[in-house]
There are 2 protein chains.
Amino acid sequence: MAADTRTRLLEGAFSTLRTQGIAGASARSIAAAAGVNQALVFYHFGSVDELLAESVRHAARRRVETYRDRLGAVSSLRELLDLGRALHAEERAEGNLAVLAQMLAGAQADPQLAPATTAGLHLWVAEIESALGRILASIKPARALDTGGLARAIAATFIGLELYGGVDAQGATRAVTALEQLTSALATAPADPAT
Amino acid sequence: MAADTRTRLLEGAFSTLRTQGIAGASARSIAAAAGVNQALVFYHFGSVDELLAESVRHAARRRVETYRDRLGAVSSLRELLDLGRALHAEERAEGNLAVLAQMLAGAQADPQLAPATTAGLHLWVAEIESALGRILASIKPARALDTGGLARAIAATFIGLELYGGVDAQGATRAVTALEQLTSALATAPADPAT
DNA sequence: GTCTATAGTCGGATAGAC
DNA sequence: GTCTATCCGACTATAGAC
């Protein structure tokens, strides 16, 4: 707690994005969340956009390192699905999904936000892709699949589900459950014929 | 062209959401897009939030009626996938997906936007669900699936892909292609054993 | 590095003339 | 129904004291 001002601003930006959304992420509200003066946003980061961009980079860097080990240890499709579910829950709880979704929404109209957002998302994509590629290579009918494309589709689906969950939590839960049933069925039925 | 003021505001709100995003959807910018005076937003709709909400209702109402017939004519999983792809492309081109994504992002922090957004999304979900339910019922291994949950997952995925496409068009195309390969493979391989 | 103060702009919303 | 004019608060950003 009470870290240096720069860090407080980075974390204030994160929590403001999470709770107020991209439309409420102003220098003033971020500074308030960080407990520092509003002018310091511009002193340390030059502009609000730069602070937001730096904030997602900051958050993404710390998280993904934690995943690398866990994803690397996975050796079956079933394990991958279980880990995926666990990571999804953790990311949701940390607010990383909500923040990324808000940045993504903001980046549609504000090109300055796009690079950092893409980078933050790509950290996940790369991790998912590497684990996916390793597992699917051992499943014959899955060899033809584009793991990079699938990894991107999975990341996009998480974003969509996060936003949907914000307006209809029950519906989103149903969607997740249905996807789990589907993937689970695929993992057991036509997947076993390996090599 | 040059419809009555109310309609112009509804359409101005739509195109502003589409091009400026939720963070740029102010009474002034909407009125400018509509070519009318800013005060009329409040005269006709009371508040910006109400106008935005009414705008998505307005847009959703007109679209879905067009779909009902087309979805109703579908009689195989393959046809459903083809139609789904076509509708997805049309919705993207019209900007309906972009607008819904922005409303969804805004609704996370602004509960006033949530009801209309949920309703707009649900129009799709209901259509997808009904077509999905009809088709999957004829495929034995698919009987256990929750079509409502799947329909919600599909809608959420479209939203996520739309936002992802805004910052990485190439990556989103890859994701869509991968999903098409996957669903296509599922539609032909283990799906044929009907009844 | 951090603060106050302030310039200048843009936002939501209302009053009242036409 | 539509306009101008306006209040007032919030915003980005900067200048300058400490």
* Please list residues of residues 102-112 of chain B whose heavy atoms come under 4.0 Å from any atom in DNA chain D, ordered by number; otherwise none. => none
* Under 3.5 Å, is there a donor-acceptor pair between the B/Arg78 and B/Ser184 side chains? -> yes
* Counting N and O atoms only, with roles assigned by atom type, does the side chain of A/Arg134 sit under 3.5 Å from a partner on the main chain of A/Val74, one being a donor and the other an acceptor? -> yes
* Asked: When you measure from the side chain of B/Arg152 to the backbone N and O of B/Gly148, does any donor-acceptor pair fall under 3.5 Å?
  -> yes
* **pair A/Phe158-A/Leu121: side-chain heavy atoms closer than 4.5 Å** => no
* To do: With rounding to the nearest 0.5 Å, note down the distance linking CD1 in B/Ile154 to CG in B/Leu179.
  => 10.0 Å
* Please identify each residue that fulfils side-chain hydrogen bond (donor to acceptor under 3.5 Å, both in side chains) with B/Thr7, with sequence neighbours left out. => B/Asp4
* To do: Determine whether A/Leu123 and A/Arg61 make a side-chain contact, defined as any pair of heavy atoms from C-beta on separated by less than 4.5 Å.
  => no
* To do: Answer whether the closest heavy-atom distance between the side chains of B/Gln20 and B/Gln102 falls below 4.5 Å.
  => no
* **By ring-ring contact (aromatic ring centres under 6.0 Å, His included) - contacts of B/His122 (at least two apart)** => none
Residues 26-40 of chain B side chain polar contacts: donor-acceptor under 3.5 Å, at least two apart:
from: B/Ser26; atom 1: OG; to: B/Ser29; atom 2: N; distance (Å): 3.2
from: B/Ser26; atom 1: OG; to: B/Ser29; atom 2: OG; distance (Å): 3.0
from: B/Ser29; atom 1: OG; to: B/Gly24; atom 2: O; distance (Å): 2.8
from: B/Ser29; atom 1: OG; to: B/Ser26; atom 2: N; distance (Å): 3.2
from: B/Ser29; atom 1: OG; to: B/Ser26; atom 2: O; distance (Å): 3.2
from: B/Asn37; atom 1: OD1; to: B/Ala39; atom 2: N; distance (Å): 2.8

Give each protein N/O atom lying under 3.5 Å from an N/O atom of nucleotides 11-14 of chain D, with the pair distance.
from: D/dC11; atom 1: OP1; to: A/Ser26; atom 2: OG; distance (Å): 2.9
from: D/dT12; atom 1: OP1; to: A/Ala27; atom 2: N; distance (Å): 3.3
from: D/dT12; atom 1: OP2; to: A/Ala27; atom 2: N; distance (Å): 2.8
from: D/dT12; atom 1: O4; to: A/Arg28; atom 2: NH1; distance (Å): 3.4
from: D/dA13; atom 1: N6; to: A/Gln38; atom 2: NE2; distance (Å): 3.2

* Span of DNA chain C, from the first to the last nucleotide whose atoms fall under 4.0 Å of chain A heavy atoms -> C/dG1 to C/dT4
